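FYI, the numbering just counts along the sequence from 1. Remember, predicted model here, so these are calculated numbers, not experimental data.
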Amino acid sequence: MAAVNPRKPTEPRGKTLSIHVVTWNVASAAPPLDLSDLLQLNKDNLNLDIYVIGLQEMNCGILSLLSDTAFEDPWSSFFMDVLSPLSFVKVSSVRMQGLLLLFFAKHQHLPFVQILSTKSTPTGLFGYWGNKGGVTICLKLYGYYVSIINCHLPPHMANNDQRLEHFDWILEMQNFEGQDIPNILEHDLILWFGDMNFRIDDFGLHFVRESIKNQCYSDLWEKDQLSIAKRHDPLLREFQEGPLLFPPTYKFDKNSNNYDTSEKKRKPAWTDRILWRLKRQPQANPHTQRLPAPHFCLSLRSYVSHMMYCISDHKPVTSTFDLELKPLVSAPLITLIPERLWTMENDMLISYSLTPDFLSSPWDWIGLYKVGLRHINDYVSYVWVRDNQVSFSDGLSQVYFNTSNIPETEDQFLLCYYSNSLHSVVGISKPFKIQPGSFLAEDPLGEAQPHI
């Protein structure tokens, strides 16, 4: 059973993906002018592949919600403005009132990210109101199941039992009945973060503030409600967290780095947390030899707060991870091949090949994008695959693409094949240029010739 695989040289090579996770309770504030530190844009050799961004307490007044329904909300627009020039594409998002979860990936990863489900789980007002609860994106990343949860749990020192109940309820509600998706506890990775609102028990305000001032956090860790709960709850204990080597992130006076000076003088706490859980591996039986599990390993590179941001009474928290994996899916379902030179004057031919197990749909389409696209609907033009197909043979298909409505530009373009049944991009071309109309010149015989 454990014999050496003779095809080992052709197996997919291991891959390392760098993932940056952000959680921030923004207290209804608008985005600040500069988020370079939050997004680690000031680090030269970081080479990130994925951004996962969770916000809590976004402005969710009636007018704001109506505007955000018709247009992109200001935070999503800001992140796309900053990240799209760096080749990051907003792959998925889900919002529930003040909770927002965004997933960005470098465009070369798009064919290997399949969005399976997005879900909102309200826990406010007897489970009907979305001011508290969680939002989830469930996806497959290079063939592995990943669930991402952004949550906002109940506040106040005395509500710790309620926080833990809501944590359990959000987890329990991540079922995927009627879909071919395993239970969330069978997913290869769960990233869970947000304003969890856990507080520091027992110690008084003065002791906590003096401990923070002297950077003596160890006593405070012992009385952190989440740390205490993990000692008693086996399932919660499976969720790992980096060391809390930064000051408590709540509660600050807005526009300052001073802890709460109001009459309430709330005690500082690590309310904003980032947790993760890897799938449990079966217990090894000493009498049974089994094949090793596919390589899938997550390591924490950093876990920090960002004190420079003062628009909220919370400080944002970020984690950067390295995810090492051996891809279960190493080739895209669709390979796109733009034929010959593209010009503005002609309908252009696109060839593409598909894997034998790919099931196309009448609603599949191919989009033409400028490099630096913000999201999957940010196309310049598109064609329905079935309506514009001109030939099909031995896994190779061809479709015509009308270029008459494409503006002349020196920008580079990409083609993406979108699968309606999989709700995901399943193929992407290499970048290319479309030559302007002046590229072709009439020869004396009236035939179009390349202009050298």
Does a side-chain heavy-atom distance below 4.5 Å link [X] with [Y]?
| X | Y | answer |
| --- | --- | --- |
| Y144 | L189 | no |
| K119 | T121 | yes |
| H314 | Q56 | no |
| V425 | I376 | yes |
| I428 | H107 | yes |
| Y379 | L368 | no |
| V380 | Y369 | no |
| I170 | I149 | yes |

Atom of L153, atom of M196 and distance for their closest heavy-atom approach: CB-O, 3.4 Å
Apply side chain to side chain contact (heavy atoms under 4.5 Å, CB included) to residues L100 and V135 and explain how you reach the verdict. CA-CA 7 Å; L100 175 67; V135 288; over 6 Å; no
Interatomic spacing from [atom1] in [X] to [atom2] in [Y] - rounded to 0.5 Å:
| X | Y | atom1 | atom2 | result |
| --- | --- | --- | --- | --- |
| L298 | I19 | CG | CD1 | 6.5 Å |
| K140 | I181 | NZ | CD1 | 9.0 Å |
| L171 | C151 | CG | SG | 11.0 Å |
| L226 | R199 | CG | CZ | 13.0 Å |

Ring centroid separation [X] to [Y] under 6.0 Å:
| X | Y | answer |
| --- | --- | --- |
| Y303 | F246 | yes |
| W270 | F198 | no |
| F239 | W276 | no |

Under-4.0 Å salt bridge between [X] and [Y]:
| X | Y | value |
| --- | --- | --- |
| E241 | R273 | yes |
| K370 | D411 | yes |
| R301 | D322 | yes |
| K230 | E238 | no |

Would you kindly check if the NZ (Lys) or CZ (Arg) of K251 is within the cone defined by 45 degrees around the ring axis of Y259 and under 6.0 Å from the six-membered ring centre? no
Judged by atom type as modelled, is there a donor-acceptor pair below 3.5 Å linking the side chain of H306 to the main-chain atoms of M308?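 Not at all, since once roles are kept as given, no pair shorter than 3.5 Å links the two residues.
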Has the side chain of R277 got a donor or acceptor atom that lies under 3.5 Å from a matching backbone atom of L235? no
Enumerate donor-acceptor pairs with a distance under 3.5 Å from any side-chain N or O in residues 201-210 to protein atoms, sequence neighbours excluded.
from : atom 1 : to   : atom 2 : distance (Å)
D201 : OD1    : Q225 : NE2    : 3.0
D202 : OD2    : K223 : NZ     : 3.0
R209 : NH2    : D260 : O      : 2.5

Determine whether N131 and Q97 satisfy the following criterion, side-chain hydrogen bond (donor to acceptor under 3.5 Å, both in side chains), listing intermediate values before the conclusion. CA-CA 6 Å; N131 64 320; Q97 291 182 216; 5.3 Å; no
All N/O donor-acceptor pairs, side-chain side in residues 83-93, below 3.5 Å, sequence neighbours left out:
from : atom 1 : to  : atom 2 : distance (Å)
S84  : OG     : M80 : O      : 2.7
K90  : NZ     : E72 : OE2    : 3.2

By side chain to side chain donor-acceptor pair (under 3.5 Å), T320 pairs with (sequence neighbours left out) H20, S302
Please evaluate residues D253 and T261 with respect to the criterion side-chain hydrogen bond (donor to acceptor under 3.5 Å, both in side chains), reporting the C-alpha separation (whole Å), side-chain torsions for both, the decisive distance (0.1 Å), and the verdict. CA-CA 7 Å; D253 293 337; T261 59; 2.6 Å; yes
Can a donor-acceptor pair be found between the side chains of D272 and T23 at a distance below 3.5 Å? no
Does the side chain of S76 pick up a donor-acceptor pair with the side chain of D73 at under 3.5 Å?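 On atom types as modelled, these side chains qualify, holding a pair under 3.5 Å.
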List the steps and the verdict of side chain to side chain contact (heavy atoms under 4.5 Å, CB included) for D364 and V426. CA-CA 10 Å; D364 290 355; V426 294; over 6 Å; no
Determine, stepwise, if the pair Q174 / T136 fulfils side-chain hydrogen bond (donor to acceptor under 3.5 Å, both in side chains). CA-CA 8 Å; Q174 304 312 308; T136 309; 2.9 Å; yes
Near W363 CH2, under 6.0 Å, is it more than 12 heavy atoms from other residues, nucleotides or ligands?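 No, not enclosed.
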Where do Y250 and R266 land on the side chain to side chain contact (heavy atoms under 4.5 Å, CB included) test, with the steps shown first? CA-CA 9 Å; Y250 174 85; R266 292 183 180 87; 3.4 Å; yes
Derivation of the salt bridge (charged side-chain N to carboxylate O under 4.0 Å, His left out) call for K132 and E57: CA-CA 9 Å; K132 296 292 186 289; E57 287 195 25; 5.2 Å; no
Please identify which of these residues, N150, L35, L39, T318, meets the side chain to side chain contact (heavy atoms under 4.5 Å, CB included) condition with I53.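 Single pass found, and it is L39.
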So, applying side chain to side chain contact (heavy atoms under 4.5 Å, CB included) with V385, which one of V399, N420, I334, I350 is it? V399
Might you work through the side chain to side chain contact (heavy atoms under 4.5 Å, CB included) test for L415 and Y382, ending with a clear yes or no? CA-CA 9 Å; L415 291 168; Y382 69 92; over 6 Å; no
Given salt bridge (charged side-chain N to carboxylate O under 4.0 Å, His left out), test K15 with E324 step by step and report yes or no. CA-CA 6 Å; K15 204 173 188 65; E324 298 178 52; over 6 Å; no
